[in-house]
Amino acid sequence: MGPPFSGRGVAGMSETPVLRLSGISKRFGDTIANDAVSIDLARGEVLALLGENGAGKTTLMSILFGHYTPDEGTVEVEGRALPPGRPRAAIDAGVGMVHQHFSLAANLTVLENVMTGTQSLWRAKSDTASARRKLAEIADRFGLAVDPDARLGDLSVGEQQRVEILKALYNDARILILDEPTAVLTNAEAERLFSTLREMARQGLSLIFISHKLNEVLAAADRVVVLRGGKVVAERQAAATTKEELAELMVGRQVARPKREAGKAGDVVLEAIGASLVVDGVPRLSDLNFQIRAGETLGIIGVSGNGQGQLAHLVSGLSAATAGELRLFGEPIPTGVEALVEAGVGRIPEDRNTEGAIGEMTLWENAILERVRSRRFSKNGFVDRAAARAFAATIIKDFDVRGGAPDRRTRLLSGGNMQKLILGRNLHDQPKLLIAAQPTRGLDEGAIAAVHTRILEARAKGAAVLLISEDLDEVLSLADRIRAIVKGRLSPPLAADEANAQKLGLMMAGDWNKDSQHGEAGHAL
Amino acid sequence: MEILDIFASAGLWAAVLRIATPLIFGTLGALLCERSGVLNLGIEGIMTFGAMAGWLAVYNGADLWMGLLVAALCGALFGLLHAALTVTLGLSQHVTGLGITLFASSLSYFLFRLIVPIKGTPPTIVPFQPIDIPGLSDLPFVGPALFTQTAPTYLAIALAVVLGYVLFFTPLGLAVRMTGENPHAAEAQGVNPITVRYGAIMAGSALMGVGGAFLTLSAFNSFFPTMIQGRGWVCIALVVFSSWRPSRALLGALLFALFDAYQLRLQTAVGKAVPYQLFLMVPYIMSIVALVVMARRARVPQALMQAYRRGER
């Protein structure tokens, strides 16, 4: 590997770029994914490739890595053209790729994942000793510690990503491409990733990371290239641009996330009284006491893995409290998903692909999935397709589900549009209680603004909203009151108007008992 | 004869090894295919064809070892067909495998009838003879129990060790396992999953062919179209039982053979008091029980039964 390089932001220097993409074009049928894209990358530089979903970022990187063959254009690494469509050639030239959906095998060990394909297949014995040594050296050098003998499937997502990066470095990558690396990470894991990236750049590696998150682009990159509709629309030094400017460049128009206006809270809709949940003998939620009133949003923040998922499941009727109870309008909450939906509870689950919608089914099927037995969508035991299709069509129109038609398969929708479908299904009949778990995870700016608008609308019309999110900006702009969840316990509430990053940080660290004014009894808000 | 005394007879243990041999070959073959991500339900037919082809070669004057080789080559050819259909064309692995079983079984009977005209008694060959291992074969009890086998039986046991070594200690084995877990990851590391799958299926099917040929060249001395009798399906179950590990596949095959050998002797021991069909069921019931116990912890190759296409995820 090259000598350590200490500078950052070396773009524009006269030295040959480490990587040069010139005039890359790629079409899929009628769709132009990349249109004459040219990008240079310098040694020791961190370049962010910013763009909305569908802007062509991933296609471009797949071409660079040899997964796709471009229709036009060339890829040069250190002045030498790469043969198109050959991943091995890209690896040999020092290009490493960290995929959004990791290319790893869950049943193999870390070392095995890293070693695959690195030694001649006809060797009589794998040289694990030297592989182990090399892996340890790299891990040490970049601060990427992972147990080489751990089974990959037993690692956390953040650790798996570290393995994916190690794999690229093990292949002597000097150019590392990361496709939406933070999409699956918690905030803390993302922070750690960015410091690793900086360290790698400091040691002379060149990095491209693909993202549609403005905060992280500004925090981690030297230079930002903005893609829109398959074209490069702008290029900025990170130090010389703003979040607002990038948002506008990326979306092509001004976008502003909507903000909550003061509202008037009504009657108590949802109340938890000492609700606890024990799963397999492990307490996941302990003694939760909270209320949400009509026209009010309660935001739950916290580092992921502290019980958010269980809380969402509990109030969505997917699991029952093992102690304590939940009350809806003063009555014990009905059991079972169907009864909940009938009672006016709308649910936006944490993972839209596994819990929200079934990709292989059509939009109309997904639109009525939660109430297939309701009189509205069935007649004499048969699905009333006409009514279901009409319902789906209404959602598509009212909620601007782009690319949607009642009979299309749902997996053809982008993430944002799938989320709009799920929102529409729940908000069409104005729910009395809306449970939104990570409602904008993985969405781009345009879609986030649309989802936020809808959630605020539901609240303005009198819904009680439970918002569970890791995105502090989101919670601050939507919620009236904020609680943190830490190890299955809820902090006392904090009015959003009094909240600031420091207070929220302390709350998320579980540091609320020291603050005596929050020492109030549990369910008095 | 007392029911437990059966275990004290050297004959039982000798029979266990003999009965286990075709199962070991078949299970290792199916295991190799599945480790690369392809289920090969063609096994029942491939074993039948191997039994026929190996026997026919020897019947026509070939050496016994040449007979095994012919069976292996025929197996590999059916493997090539399975690979072309499931890997290149990406067809359903279940349906293709069952199709190959029907095709290969019928074809073996057809060819057999074509080449060997019907006579009163089926024609025979001189099969593999037990090898006398100096020192070991003469030991009391252990000698007759374990060391009176024919050469292919020892070969089968050695193969389990070799396959285990290849899978877990060589770069090639790692490439095969990675292909069965995540072919996209294999591809990203410069391993061609298509080549790996072709190779694994052909080699695995060759082993299935040899497993079938053991029946006609060692266990018996003639060919019957129905002689495989579901052994292929037992192998498929044994692969799951083994958690896709050759060492446990060997153990599983021996265990199944033990039940089978035991029930045969139990039939004579108990006599007509109990219908013999009940005893016939014993090994199968035991294998279902064993599967229930073992398979819950099994780590299935993650890409098993998933067609691989480049650029698609």
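Order of the sequence lines sets the chain letters (A, B, ...), proteins ahead of strands, with each chain counted from 1.
Looking at Met115(A), both its backbone and its side chain come within 4.5 Å of chain B, counting heavy atoms on both sides. With a threshold of 4.5 angstrom between heavy atoms, Ser62(A) does not approach chain B through any atom at all. With a 4.5 Å cut-off on non-hydrogen atoms, Leu104(A) touches chain B through its backbone but not through its side chain. For Val300(B), the part lying under 4.5 angstrom from a heavy atom of chain A is the backbone only.
Salt-bridge formation is not detected for the pair Lys134(A)/Glu137(A): no Lys NZ or Arg NE/NH1/NH2 atom is positioned less than 4.0 Å from an Asp or Glu carboxylate oxygen. With respect to the salt-bridge test (charged N to carboxylate O, under 4.0 angstrom), the residues Arg231(B) and Glu44(B) do not qualify. Using a 4.0 Å cut-off between a side-chain N of Lys or Arg and a carboxylate O of Asp or Glu, Glu72(A) and Arg27(A) qualify as a salt bridge. Using a cutoff of 4.0 Å between basic side-chain nitrogens and carboxylate oxygens, Glu112(A) and Arg177(B) are scored as salt-bridged.
With chain B as partner, the option from Asn171(A), Asp92(A), Asn113(A) having the largest number of non-hydrogen pairs under 4.5 angstrom is Asn113(A).
Ring orientation note: the planes of His67(A) and His99(A) are tilted relative to one another, at an angle of 30° to 60°.
Contacts with chain B (heavy atom to heavy atom, under 4.5 Å) involve these residues of residues 123-130 of chain A, listed by number: Arg123(A), Ala124(A), Lys125(A), Ser126(A).
Taking the six-membered ring where the residue is Trp, the centroids of Phe256(B) and Tyr284(B) are separated by under 6.0 Å. In summary, the aromatic rings of Phe49(B) and Phe78(B) are positioned with their centroids under 6.0 Å apart.
Listed for the Glu180(A) side chain is no donor-acceptor partner under 3.5 Å among the backbone atoms of Ser211(A).
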